[in-house]
Amino acid sequence: MSVEESQEINLEADQELRIEVENKNETVTIELKTGMAEIFGTEIVKGRKYVFSTGAKIAVFTWQGCTIIYTGRKNSCYTAKETPMMFYLNCHACLEQLRQKAEQDNTRGPVTMIVGPVDVGKSTLCRILLNYAVRMGGQGRRPIFVDLDVGQGSISVPGTIGALMVERPASPTEGFSVQAPLVYQYGHVSMQKNPSLYNMLVSRLAEVVQDRMQANKKANVSGVIINTCGWTKDSGYKILTHIAQAFEVDVILVLDQERLFNELVRDMPSFVKVVLLPKSGGVVERPKSYRMEARDGRVRQYFYGTTSLPLHPHSFDVKFSELKIYKIGAPALPDSCMPVGVKAEDYLTKVVSVQPSPSLLNHLLAISFATSAEEDVIQTNVAGFVCITNVDMDRQTMTILSPQPKPLPDAVFLVSEVQFMDSH
């Protein structure tokens with residue numbers, strides 16, 4: 001008998017099959033044989049094979065009961081009887097009522113923010129609520145997904161924040177279709193690196209999202225679902241309250257942290273509903289190495305696509321003189337050296353020119369829609385990313401990995417601290 005084998009698994013109503021694909025080069029295949037089931041709010045199709053590879057952590061849930069054909073290592077899956085899905089469905093039902101009310105009154109739909117410490121399932125809950133919203137077939141829901149988690153980045157690459165209008169359920173294996181997302185460059189994978197810049201970008205993204213909602217009635221009624229970072233104490237808490245103000249949130253869902261729940265109940269205006277929800281028993285703490293690999297995977301996917309949708313990036317040389325490279329945030333000077341009327345914080349949001357050098361090797365560069373540093377570079381969204389794979393000081397050129405062929409746009413390029421070693 002091989003380690004990998006096919007087995008039929010029967011799930012009763014309200015049970016889920018939890019699968020963790022941990023080993024390198026391991027895959028797991030599932031197929032729905034009878035009944036109905038969903039993965040994080042997306043219905044799966046009977047008779048279709050879904051393949052998950054290393055790093056995948058999924059839960060196949062059924063409301064009515066079903067039979068699943070599972071192919072993979074036996075100890076990569078188990079059946080769970082206790083799930084918080086009923087709580088999550090109730091949340092969706094309440095949000096849907098608010099959307100219906102917004103439709104009647106011609107007002108804005110609910111803006112929901114999901115908060116909690118690291119590894120409690122915030123992005124999974126976002127996905128479930130977004131999927132349930134767009135599955136309301138006759139209602140034509142178009143919720144906006146806002147991802148403020150710079151550590152992982154599910155809309156673009158890590159080190160960015162962004163927004164996306166969701167029009168159809170996420171693919172169980174690939175996630176949401178990311179077409180024409182709105183992305184802002186932050187450049188770090190931790191909010192602690194530059195909170196002033198982070199807050200500035202959050203405010204800007206909130207403004208643009210509000211403008212887009214006013215221009216699109218379906219999006220306006222459907223509302224917004226916001227995913228946040230897991231830093232919830234001290235300055236991290238201040239950032240959460242800033243997000244709530246900037247986006248004018250109506251509902252805050254707190255996953256698995258009573259202290260945070262009580263603080264938000266105390267500090268939020270009375271019209272903001274704060275709800276404490278349990279986390280799923282399937283949520284596991286991810287080691288730092290896993291996060292780094294996941295980040296790497298996100299960047300690789302940006303350039304090379306996925307197994308079902310491969311992309312073929314271009315690699316070419318560019319002269320130093322052809323690139324305008326900048327970074328956001330200058331090292332702050334001691335107060336005694338500050339020009340009159342300038343605060344140390346001002347330096348955190350200063351756009352500084354960067355000279356090409358070997359220190360840029362493997363770094364991502366964001367391509368801004370700004371064409372010169374005289375424009376408000378920070379408040380301008382980005383078109384995409386390239387990666388520097390070689391720096392030749394003698395020839396004064398650098399080799400660039402780019403989703404598009406030459407020539408590069410005449411734009412401002414912003415350095416990210418995110419690095420990617422291109423192994424292709």
Side-chain angles (χ1 to χ4, degrees), residues 13-14 16 38 40-43 59 61-64 82-116 120-148 163 165-170 176 206 209-210 213 217-228 240-241 243-245 247-258 260-280 283:
D14 296 343
E16 70 184 15
E38 57 183 52
F40 302 143
T42 303
E43 282 186 282
F61 178 83
T62 177
W63 292 104
Q64 299 91 353
E82 296 286 315
T83 81
M85 287 299 289
M86 203 64 203
F87 292 103
Y88 299 169
L89 182 68
N90 286 340
C91 280
H92 159 69
C94 295
L95 293 174
E96 192 46 44
Q97 278 180 340
L98 292 171
R99 289 181 190 117
Q100 285 165 3
K101 192 171 181 328
E103 219 157 20
Q104 285 160 7
D105 304 346
N106 202 9
T107 53
R108 188 190 74 172
V111 176
T112 309
M113 171 163 120
I114 297 174
V115 300
V120 287
K122 293 186 292 296
S123 33
T124 301
L125 178 54
C126 284
R127 186 162 162 171
I128 291 169
L129 293 175
L130 288 161
N131 280 331
Y132 281 174
V134 288
R135 273 170 63 185
M136 303 295 293
Q139 312 294 337
R141 298 285 179 244
R142 299 278 182 277
I144 291 178
F145 172 38
V146 170
D147 189 20
L148 303 178
M165 193 186 293
V166 178
E167 302 193 27
R168 61 183 72 89
F176 289 109
V209 165
Q210 274 159 4
M213 285 169 81
K217 192 166 184 287
K218 276 184 175 165
N220 197 37
V221 165
S222 306
V224 182
I225 288 179
I226 304 169
N227 184 32
T228 59
L240 288 179
T241 56
I243 295 168
Q245 279 172 327
F247 280 92
E248 298 172 12
V249 302
D250 309 294
V251 182
I252 301 179
L253 304 177
V254 185
L255 276 171
D256 192 53
Q257 202 176 40
E258 280 191 35
L260 179 62
F261 167 73
N262 286 313
E263 285 174 343
L264 287 165
V265 168
R266 179 193 71 205
D267 296 338
M268 285 292 127
S270 55
F271 58 81
V272 176
K273 294 185 185 69
V274 186
V275 183
L276 182 63
L277 289 173
K279 69 172 180 180
S280 163
V283 171

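Fair warning: this is a prediction, and the values are worked out from it, not measured in the lab. FYI, the numbering just counts along the sequence from 1.
Shown here are the side chain to side chain contact (heavy atoms under 4.5 Å, CB included) partners of Ala170, two or more places apart in sequence or in another chain: Thr42, Arg127, Asn131, Phe176. Residues forming a salt bridge (Lys or Arg N to Asp or Glu O under 4.0 Å) with Glu82 (at least two apart in sequence, or on another chain): none. Taking Glu43 as the reference, Met36, Arg135 meet the side chain to side chain contact (heavy atoms under 4.5 Å, CB included) condition, with sequence neighbours excluded. In terms of the salt bridge (Lys or Arg N to Asp or Glu O under 4.0 Å) criterion, residue partners of Arg99 (sequence neighbours excluded) are, by chain and number, Glu96. Evaluation of the ring-ring contact (aromatic ring centres under 6.0 Å, His included) rule for Phe247 yields no partner, not counting sequence neighbours. Every residue two or more places apart in sequence or in another chain that forms a side chain to side chain contact (heavy atoms under 4.5 Å, CB included) with Val275 is listed here: Leu253, Leu277. By the side chain to side chain donor-acceptor pair (under 3.5 Å) test, Lys101 pairs with Asp105, sequence neighbours left out. With sequence neighbours excluded, the residues forming a side chain to side chain contact (heavy atoms under 4.5 Å, CB included) with Asp14 are Phe61, Trp63, listed by chain and number. When the side chain to side chain donor-acceptor pair (under 3.5 Å) test is applied to Asn90, no partner is found at least two apart in sequence or on another chain. The side chain to side chain donor-acceptor pair (under 3.5 Å) test applied to Asp256 returns no partner, not counting sequence neighbours. Remark: Asp147 pairs with Ser154, Asn227 by the side chain to side chain donor-acceptor pair (under 3.5 Å) rule, at least two apart or across chains.
In this structure the side chain of Thr124 reaches within 4.5 angstrom of the side chain of Ile128, judged on heavy atoms. Val249 has its side chain within reach of Ile226: a pair of non-hydrogen atoms, C-beta onward, lies under 4.5 Å apart. Side chains of Val134 and Arg168 form no contact here, defined as non-hydrogen atoms less than 4.5 Å apart. Contact annotation: the side chain of Leu95 approaches that of Thr112 to within less than 4.5 Å [non-hydrogen atoms, C-beta and beyond]. Val115 has its side chain within reach of Leu260: a pair of non-hydrogen atoms, C-beta onward, lies under 4.5 Å apart. Between Lys217 and Asn106 the shortest side-chain heavy-atom distance falls below 4.5 Å.
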| task | Report the C-alpha distance between Glu38 and Met85 in whole Å, list the side-chain angles of each, state the deciding distance to 0.1 Å, and finish with yes or no for side-chain contact (heavy atoms from CB on, under 4.5 Å). | result | CA-CA 11 Å; Glu38 57 183 52; Met85 287 299 289; 3.5 Å; yes
| task | Take Glu248 and Arg108 through the test side-chain contact (heavy atoms from CB on, under 4.5 Å) and record every step on the way to the result. | result | CA-CA 11 Å; Glu248 298 172 12; Arg108 188 190 74 172; 3.7 Å; yes
| What do the steps show when you test Thr228 against Met113 for side-chain contact (heavy atoms from CB on, under 4.5 Å), and what is the final call? | CA-CA 7 Å; Thr228 59; Met113 171 163 120; 3.9 Å; yes
| Verdict with supporting geometry, His92 and Met136, side-chain contact (heavy atoms from CB on, under 4.5 Å) | CA-CA 11 Å; His92 159 69; Met136 303 295 293; 3.6 Å; yes
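Residues Ala219 and Met213 share a closest heavy-atom pair of O-CE, 3.9 Å. Closest of all the heavy-atom pairs between Val146 and Ala163 is CG2-CB, 4.0 Å. Listed here is the closest heavy atom pair of Ile252 and Leu264: CG2-CD1, 3.9 Å. Across Pro143 and Ala133, no two heavy atoms sit closer than the pair CG-CB, 3.9 Å.
The structure places CG of Leu255 at 8.5 Å from CG of Leu276, a figure rounded to the nearest 0.5 Å. We find the CD-CD1 distance between Gln210 and Ile144 to be 10.0 Å, quoted to the nearest 0.5 Å. Distance check, rounded to the nearest 0.5 Å: CG of Leu240 to CG of Asp267 gives 11.0 Å. Taken to the nearest 0.5 Å, the OG1 atom of Thr241 stands 10.5 Å off from the CD atom of Glu263. Here OG of Ser280 is found 12.0 Å from CZ of Phe87. Values are rounded to the nearest 0.5 Å. Here the CG-CD1 distance, from Leu125 to Ile114, works out to 4.0 Å after rounding to the nearest 0.5 Å.
Formation of a donor-acceptor pair under 3.5 Å by the Lys122 side chain with backbone atoms of Gly116 is found in this model.
Salt bridge status for Glu167 with Arg141: absent, with no side-chain N to carboxylate O gap under 4.0 Å.
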